[in-house]
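Working notes, beginning with the structure itself.
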Amino acid sequence: MQTSQVFEDFEDKTGLRFSWNLIPNKQNELLKLSVPLACLYQPLRTMDQPILLNEPPIVCRGCQGILNPYCQPDLNTQSWTCCFCFMRNALPPHYHHQLPFSTNQDCVNVEYNLPIVSNVTPPIYIFVVDTCIDKENIESLTSTLQNSISSLPPDSIVGFISFGKNVNIHELGNFEMDTSYVFNGAKEYTVDQIEKHLNILSSDLRNNNNNNKQNGINGVGGEFPELKGVQDQQ
């Protein structure tokens, strides 16, 4: 089997695509990479045989990472070691004689079938689009974006960022005019400058803003990600 086919099969199975086939385990090797280390995960990718687990995930008490095939479970001590922060955690009491299915080597990409909870935050999708392409590809891109948005869950929150010479953060939900906030692509901005430009509260004011929302007072900066229904209409 060709090497390219191996990676394509892995992507079909997991929905994952890495910029490198091997991950460096030393800092000096990491600094030598000509392309940044990155991973593309496609949560809506169609899978022929998705693995569904009808139980809640087992979560690390340290970093909130989820038990997976790369962790180190130990039935003798009824514990498992998190592969992210290396903290030891207790296994649930009903796993006395067998390991959780999520530690199976085939469970690199699973879906948890959980009961619906009313107060869960809806999924948020931010589309980041490169506009430095020709007219023909723009039309194809527009069609792809429309299809992607139509396939999202109905309660999704959608945001849109486009970039070329400048970076544009688009304000959704304004039906009277198209509004976007423009940032010079050749200039560096601090977090405070971006928050001020977008009229978003800084971290030290967010708690106060949350209290205002609970009292029925609308906050600022919420016009960028909008409900999918609003985005569909635009």
Side-chain angles (χ1 to χ4, degrees), residues 11 14-19 36 38-47 50 52-53 56-57 59-60 63-66 68 84 109-131 141-164 166-175 178-183 189-234:
E11 184 177 356
T14 64
L16 298 172
R17 179 188 295 181
F18 292 88
S19 57
C39 175
L40 171 66
Y41 176 51
Q42 306 158 75
L44 299 180
R45 184 184 181 91
T46 301
M47 301 181 66
L52 300 177
L53 300 182
V59 180
C60 172
C63 68
Q64 302 301 302
I66 293 176
N68 61 77
F84 300 107
N109 186 19
V110 301
E111 295 184 14
Y112 290 92
N113 188 16
L114 304 177
I116 297 176
V117 181
S118 59
N119 61 349
V120 171
T121 302
I124 300 175
Y125 299 90
I126 306 295
F127 289 86
V128 182
V129 179
D130 184 354
T131 57
L141 174 62
T142 301
S143 176
T144 300
L145 286 172
Q146 290 173 340
N147 291 334
S148 298
I149 292 173
S150 65
S151 68
L152 298 179
D155 62 340
S156 300
I157 294 177
V158 178
F160 191 81
I161 299 173
S162 60
F163 67 94
N166 299 316
V167 178
N168 296 268
I169 300 180
H170 299 266
E171 179 179 332
L172 307 179
N174 187 345
F175 295 97
D178 293 332
T179 305
S180 64
Y181 294 76
V182 182
F183 294 86
Y189 296 87
T190 66
V191 174
D192 290 339
Q193 288 175 325
I194 295 174
E195 289 178 340
K196 183 177 181 180
H197 193 64
L198 298 179
N199 197 27
I200 296 177
L201 293 180
S202 58
S203 57
D204 58 341
L205 296 177
R206 285 188 188 126
N207 290 335
N208 184 53
N209 186 53
N210 290 333
N211 293 333
N212 289 338
K213 287 182 178 180
Q214 293 176 1
N215 294 326
I217 304 174
N218 291 327
V220 295
E223 61 269 24
F224 302 105
E226 268 288 356
L227 290 174
K228 173 179 174 287
V230 173
Q231 178 67 20
D232 287 340
Q233 295 179 44
Q234 291 186 297

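Note that these values count all heavy atoms, side chains included, but never hydrogens, waters or copies made by symmetry.
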Could you please spell out the steps behind the side chain to side chain contact (heavy atoms under 4.5 Å, CB included) verdict for Ser148 and Tyr125?
CA-CA 10 Å; Ser148 298; Tyr125 299 90; over 6 Å; no
Which residues pass the side-chain hydrogen bond (donor to acceptor under 3.5 Å, both in side chains) test with [X], sequence neighbours left out?
{"X": "Thr144", "value": "none"}
{"X": "Asp130", "value": "none"}
{"X": "Asn109", "value": "Tyr41"}

Ser180 side chain vs Ile169 backbone, donor-acceptor pair below 3.5 Å
no
Using a 3.5 Å distance criterion without hydrogens, assess whether the side chain of Ser19 forms a donor-acceptor pair with backbone atoms of Pro36.
yes
Of all residues at least two apart in sequence or in a different chain, which pass the ring-ring contact (aromatic ring centres under 6.0 Å, His included) check with Tyr189?
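So Tyr189 forms a ring-ring contact (aromatic ring centres under 6.0 Å, His included) with Phe183.
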side-chain contact (heavy atoms from CB on, under 4.5 Å) partners of Tyr112, counting only residues at least two apart
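So Tyr112 forms a side-chain contact (heavy atoms from CB on, under 4.5 Å) with Leu53, Pro57, Ile66, Ser102, Val110, Leu114.
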List in chain and number order the residues that pass salt bridge (Lys or Arg N to Asp or Glu O under 4.0 Å) with Glu11, two or more places apart in sequence or in another chain; answer none if no residue qualifies.
Arg17, Arg45
Is there a side-chain contact between Tyr181 and Ile194 (heavy atoms, below 4.5 Å)?
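Counting from C-beta outward, Tyr181 and Ile194 never come under 4.5 Å.
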Which atom of Val182 lies closest to which atom of His197, heavy atoms considered
O-NE2, 3.6 Å
Starting at CD1 of Ile161, measure out to OG1 of Thr131 and round the result to the nearest 0.5 Å.
12.5 Å
